[in-house]
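Sequence positions, counted from 1, serve as the residue numbers for this chain. This one's a predicted model, so the numbers in the text were calculated from it and none came from an experiment. Whatever order the structure lists ligands and atoms in, that order sets their numbers, starting from 1.
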Amino acid sequence: MFVHFGIKDVIDILLVALLLYNIYKMMKDSGTINIFGGIMAFLAVWIVVTRILDMRLMGAIMDKLISVGVLILVILFQDEIRRFLVELGSHKRWRFFFRLFFPDKKDNSKAQSYIIPLVYACMNMAKTKTGALIVIQKDIALTQYIQTGDIINADVNSRLIENIFFKNSPLHDGAMIIADNRIVAAACILPVSHNNDIPKSLGLRHRSGLGISQESDATAVIVSEETGNISVARNGKLHIKLSGKDLENILSDDSL
Ligand SMILES: Nc1ncnc2c1ncn2[C@@H]1O[C@H](COP(=O)(O)OP(=O)(O)OP(=O)(O)O)[C@@H](O)[C@H]1O
């Protein structure tokens with residue numbers, strides 16, 4: 001039998017491969033890779049049962065499970081799906097195209113004014129091994145996490161950051177949230193990541209920094225109380241043992 005195989009089919013296969021790879025990556029980052037394995041195994045059995053063996057009864061049951069399964073997956077992965085859609089629609093992703101038609105003459109220095117005080121505070125806290133967890137909000141509002149803490153609403157200032165995380169300060173536990181160049185809140189409770197790939201030596205401070213970067217597009221900066229190391233969690237990935245310069249570069253890149 002002659003099967004016509006054109007350029008459209010190659011593009012089709014490439015797009016499916018890209019989709020599967022991105023779903024795999026998203027699940028790996030959020031620590032739900034076993035679910036991906038389970039889905040793939042279920043799909044393989046479904047294809048064998050319905051297409052190859054042509055078992056009608058079993059096929060009908062599995063068809064029903066698949067239609068309900070899509071709904072279950074949407075509920076299970078609502079945070080990941082939300083993050084994917086926000087990333088897709090994020091102005092950063094499309095900025096290149098916009099710039100081609102509307103060159104950006106806006107001054108970026110105001111948008112980045114929190115970076116230097118933040119980096120300076122983190123370097124000082126690293127030296128004194130003062131534990132800190134600072135989240136920088138981007139396109140996704142962190143209102144539900146801000147509400148768990150105490151509202152500060154102050155300009156970003158390195159001495160204020162150090163003061164808040166000072167060991168005996170009443171607000172030192174939990175996370176500080178920065179949005180629109182302001183310290184919005186402190187002592188906020190973040191979602192904890194269940195990712196198994198991060199080193200066992202890292203505890204809840206690092207896991208909750210990673211957690212917020214998985215559930216939103218925010219970037220979290222963590223200073224370890226144990227080692228004084230500076231880490232950054234963004235896009236569901238943890239970058240550890242960073243220098244002050246690395247931190248500045250990552251935050252500058254983020255705010256472009
Ligand atoms: N869900 C959470 N949201 C915000 N902050 C949290 C959360 N869980 C723990 N923390 C913060 O992390 C601190 C505990 O850190 P822990 O020692 O478990 O983490 P760690 O990653 O090993 O960090 P370190 O290297 O600083 O010890 C708590 O005192 C609290 O300030």
Nearest-contact summary for [atom] - protein heavy atom, Å:
atom                    : answer
atom 16 (P) of ligand 1 : Leu204 N, 3.8 Å
atom 27 (O) of ligand 1 : Glu226 OE1, 3.5 Å
atom 22 (O) of ligand 1 : Gly203 N, 2.9 Å
atom 25 (O) of ligand 1 : Ser224 OG, 2.5 Å

Can an N or O of [X] be found at a distance shorter than 3.5 Å from an N or O of ligand 1?
X      : result
His206 : yes
Arg207 : no
Gly174 : yes
Asp173 : yes

With atoms numbered from 1 as shown, which atoms in ligand 1 lie under 4.0 angstrom from a non-hydrogen atom of [X]?
X      : result
Val192 : 1 (N)
Glu225 : 24 (P), 25 (O), 26 (O)
Leu190 : 1 (N), 2 (C), 3 (N), 4 (C)
Cys188 : 3 (N), 4 (C)

Heavy-atom side-chain proximity of [X] to [Y] below 4.5 angstrom:
X      : Y      : answer
Ile146 : Gln137 : yes
Thr128 : Glu225 : no
Ile161 : Ser158 : no
Leu53  : Val48  : yes

Practice prompt. Look up atom 18 (O) of ligand 1 and tell me if a protein heavy atom lies less than 4.0 Å from it?
Written response: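 So far as the 4.0 Å threshold goes, atom 18 (O) of ligand 1 is in reach of a protein heavy atom.
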Just list the side-chain donor-acceptor pairs under 3.5 Å for residues 57-70, sequence neighbours left out, or say none.
residue, atom, partner, partner atom, Å
Asp63, OD1, Trp46, NE1, 2.8
Ser67, OG, Asp63, O, 3.4
Ser67, OG, Lys64, O, 2.8

Worksheet item: For ligand 1, does Leu133 get within less than 4.0 Å through its side chain, its backbone, both, or neither, judged by non-hydrogen atoms?
Response: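 The part of Leu133 near ligand 1 is the side chain, not the backbone.
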Worksheet entry | Contact partition for Ser208 relative to ligand 1, non-hydrogen atoms under 4.0 Å |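 The answer is the side chain.
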Worksheet entry | Close approach of Gly131 to ligand 1, heavy atoms, under 4.0 angstrom |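 It does not; every heavy atom stays at 4.0 Å or beyond.
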Item to complete: List the atom of Cys188, the atom of Ile177, and the distance in Å for their closest heavy-atom pair.
Response: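 Cys188 and Ile177 have their closest heavy atoms at SG-CD1, 3.9 Å.
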Discussion item. On a heavy-atom basis, which atom in Ile183 and which in Asn157 lie closest, and how many Å separate them?
Written reply: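 Result for this residue pair: CD1-N, 4.4 Å.
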Worksheet item: Are side-chain N/O atoms of Ser113 and Asn181 paired as donor and acceptor at under 3.5 Å?
Response: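 There is such a pair (donor and acceptor under 3.5 Å, judged by atom type) between the side chains of Ser113 and Asn181.
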Item to complete: Decide yes or no on side chain to side chain contact (heavy atoms under 4.5 Å, CB included) for Leu142 and Ile212, but give the supporting numbers first.
Response: CA-CA 9 Å; Leu142 301 177; Ile212 194 74; 4.0 Å; yes
Practice prompt. Give a yes or no answer on whether the side chain of Ser208 reaches the backbone of Leu190 with a donor-acceptor pair at less than 3.5 Å.
Written response: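 Between the backbone of Leu190 and the side chain of Ser208 there is no qualifying donor-acceptor contact (under 3.5 Å).
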